[in-house]
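Just so you know, these numbers come straight off a predicted model, no measurement behind them.
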Amino acid sequence: MRCILNVTLGALISVSALATTAYADGVDQLPATEKKIYETVDPQIPLGASAYKDFKPKKGPPWKIGYASSYAGNTWRAAALDAVMSDLLPRSKAAGLVSDVVVTQSDLKDAVQIQQMRQMVDEGVDAIIICCSNVTALNQTIEYAYKAGVPVFSFSGYVTSPYAINGAANHAQGGAEMATWLAEKIGKKGNILLVSGIPGFASSDSFDKAAKEALAKYPDIKIVGEVAGKWTDQVAQVEVQKFLATNPTKIDGILTQGAQENGVLNAMLQSGRDMIPITLGGEASAACYWRKNPEFVDRSFHIWPPRREMQQMWEIMLRTLEGQGPKVQSFLRPVLPYTIDEVRAAIPEDCDLNSTDFVEPKADGWFPAAIAADYFERPANPWKPVSK
């Protein structure tokens, strides 16, 4: 089951230590509506002009694509890969744009991911998508690919190399919005448990940094513990259970990143404690609990919709290979909040509390073609079939 929601744009929250208003050349070329998305960002994220403005591929389509993922052990990664294999690749083949996708995963080992990427370059791929890596570890390999005429696209996260294109949700904005919502939800005072993703990875650190900055504005709120859920429900459940079992301190709310909120929820349900507000980021299982318990929370947030983020990155890749000329190094999307009414419209009353699917924005609700056009020098329909 794929759960689709039509959502509205959330309000931006300014986070002083992360905000930037002096844009680099790349972002400065975007319309004012898009520049707003970059007002709250991780200070390391590259905002300059893309190195691929005048890029031309080594050969015409169909192209061979490499997908070098850093991890395969959670439902989010499975959904992102499913987007490629069941939708994006078949459509690209039918249009004569892509011939094949080579998929690897490095089990969170930078050295392995580097070797896999270099092998892809040496074996003749035309572009590489990477997922969720350390912000600097792959930079030399990305330059190696660039010199071989192979652009690298960092999906759902960012790298600092000037030779990469980043495409992701604005995780800093997401951390700020989720933290602010939770603080207000618990009455601006109390104890919060922070459940990180994978420390050291771009999206995880960006989220946590902004969340802590937002919570610092509430003097009566204290972060009483931090654990790492590794974006995996089973890991998050174990880590939260251990924390709750060894820390009798009252917890008033849990701030967790996505792709692990169901594990956090299950840990609370099994702890014997009263249920408390938990931030939700799109897992259909946790949304199902919310649907059955409408008093649980009053808002959820799209920050990591796996299929939509992959679709965004795939279309950026196609446009770049087609010579459309990306203007920016980093393509960010805003946080999209949604309500229980939208959940009710998306999943049935007898929904599955153990679902491995995600509630996501509608197909054209994350990176619409009209908005994508503003990010390219020579925009065109990326899906136009190749003339035979």
Side-chain angles (χ1 to χ4, degrees), residues 1-13 33-34 36-38 40-41 74-80 82-83 131-132 155-157 167-182 185 197 203-204 206-207 210-211 214 231 233 255-262 264-265 277-291 296-315 331-347 351 355-368 371-372:
M1 176 184 68
R2 290 191 180 183
C3 306
I4 307 299
L5 292 183
N6 184 2
V7 292
T8 56
L9 179 64
L12 291 171
I13 296 175
T33 53
E34 292 303 297
K36 287 182 179 179
I37 300 169
Y38 295 79
T40 298
V41 294
N74 64 21
T75 56
W76 189 94
R77 302 289 182 119
D82 178 69
C131 184
C132 323
F155 149 67
S156 194
N170 187 335
H171 299 114
Q173 182 201 350
E177 287 211 20
M178 273 191 166
T180 299
W181 170 82
L182 185 60
K185 182 68 177 174
S203 52
S204 181
S206 292
F207 180 98
W231 296 319
D233 285 312
L255 176 59
T256 179
Q257 297 184 20
Q260 61 190 21
E261 64 258 31
N262 196 52
V264 174
L265 177 63
I278 298 170
T279 54
L280 303 183
E283 285 192 316
S285 49
C288 180
Y289 178 85
W290 183 20
R291 195 191 196 292
F296 172 43
V297 294
D298 57 21
R299 182 178 293 188
S300 187
F301 302 84
H302 286 305
I303 305 177
W304 304 272
R307 293 183 178 89
R308 299 299 164 246
E309 283 202 284
M310 179 57 86
Q311 178 184 342
Q312 175 197 2
M313 194 76 268
W314 190 270
E315 292 183 354
F331 292 67
L332 298 185
R333 302 315 305 145
V335 174
L336 300 178
Y338 60 95
T339 67
I340 193 169
D341 288 336
E342 293 162 303
V343 170
R344 290 187 180 116
I347 60 178
C351 54
S355 172
T356 58
D357 211 333
F358 285 80
V359 174
E360 302 204 29
K362 64 179 183 178
D364 62 349
W366 186 250
F367 192 50
I371 289 177

Taking side chain as C-beta onward, heavy atoms only, is [X] less than 4.5 Å from [Y]?
| X | Y | value |
| --- | --- | --- |
| Phe296 | Leu280 | yes |
| Asn170 | Pro334 | no |
| Thr356 | Ser285 | no |
| Ile278 | Thr256 | yes |
| Pro305 | Trp366 | yes |
| Glu283 | Thr75 | yes |
| Pro337 | His302 | no |
| Gln312 | Phe331 | yes |

### Query
Which one of Glu315, Arg307, Met313 satisfies the side chain to side chain contact (heavy atoms under 4.5 Å, CB included) criterion with Gln311?
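Only match with Gln311 under side chain to side chain contact (heavy atoms under 4.5 Å, CB included): Glu315.
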### Message
Please identify which of these residues, Leu332, Ile303, Val41, Val335, meets the side chain to side chain contact (heavy atoms under 4.5 Å, CB included) condition with His171.
### Response
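Going through the options one by one, the only one that passes is Ile303.
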Search all heavy atoms of [X] against all heavy atoms of [Y] and return the closest pair with its distance.
| X | Y | value |
| --- | --- | --- |
| Cys351 | Arg291 | SG-CD, 4.3 Å |
| Pro306 | Ala80 | CB-N, 3.9 Å |
| Ser300 | Gly281 | OG-N, 4.0 Å |
| Pro361 | Gly365 | CB-C, 4.5 Å |

For [X], enumerate each residue passing the side chain to side chain contact (heavy atoms under 4.5 Å, CB included) test, keeping only those at least two apart in sequence or located in another chain.
| X | answer |
| --- | --- |
| Glu34 | Leu30, Pro31, Ile37, Arg333, Ile371, Tyr375 |
| Ala179 | Ala211, Ala214, Leu215, Leu255 |
| Asp298 | Trp181, Lys185 |

### disulfide (SG to SG under 2.5 Å) against Cys131, all qualifying residues, sequence neighbours excluded
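Expected list: none.
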Considering residues at least two apart in sequence or located in another chain, which fulfil the side chain to side chain donor-acceptor pair (under 3.5 Å) criterion with [X]?
| X | answer |
| --- | --- |
| Ser156 | Glu309 |
| Trp290 | none |
| Thr279 | none |
| Gln257 | Ser204, Asp208, Trp231 |

### Check: Phe207 ring centroid to Trp304 ring centroid under 6.0 Å
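Phe207 vs Trp304: aromatic centres under 6.0 Å.
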### Task
Establish, yes or no, whether a centroid distance under 6.0 Å links the rings of Trp76 and Phe155.
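Ring-ring flag for Trp76/Phe155: true, centres closer than 6.0 Å.
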### From Tyr338 atom OH to Ile340 atom CD1, the distance as rounded to the nearest 0.5 Å
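Between Tyr338 OH and Ile340 CD1, I get 11.0 Å after rounding to 0.5 Å.
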### Task
Give, for atom CG of Leu182 and atom CZ of Arg299, the distance between the pair rounded to the nearest 0.5 Å.
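One gets 12.5 Å once the value is rounded to the nearest 0.5 Å.
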### Thr180-Glu177 side chain donor-acceptor pair, cut-off 3.5 Å
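There is no such pair between these side chains.
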### Query
Is the count of non-hydrogen atoms from other residues, nucleotides or ligands lying under 6.0 Å from Arg77 atom CZ greater than 12?
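Check passes, neighbour count above 12.
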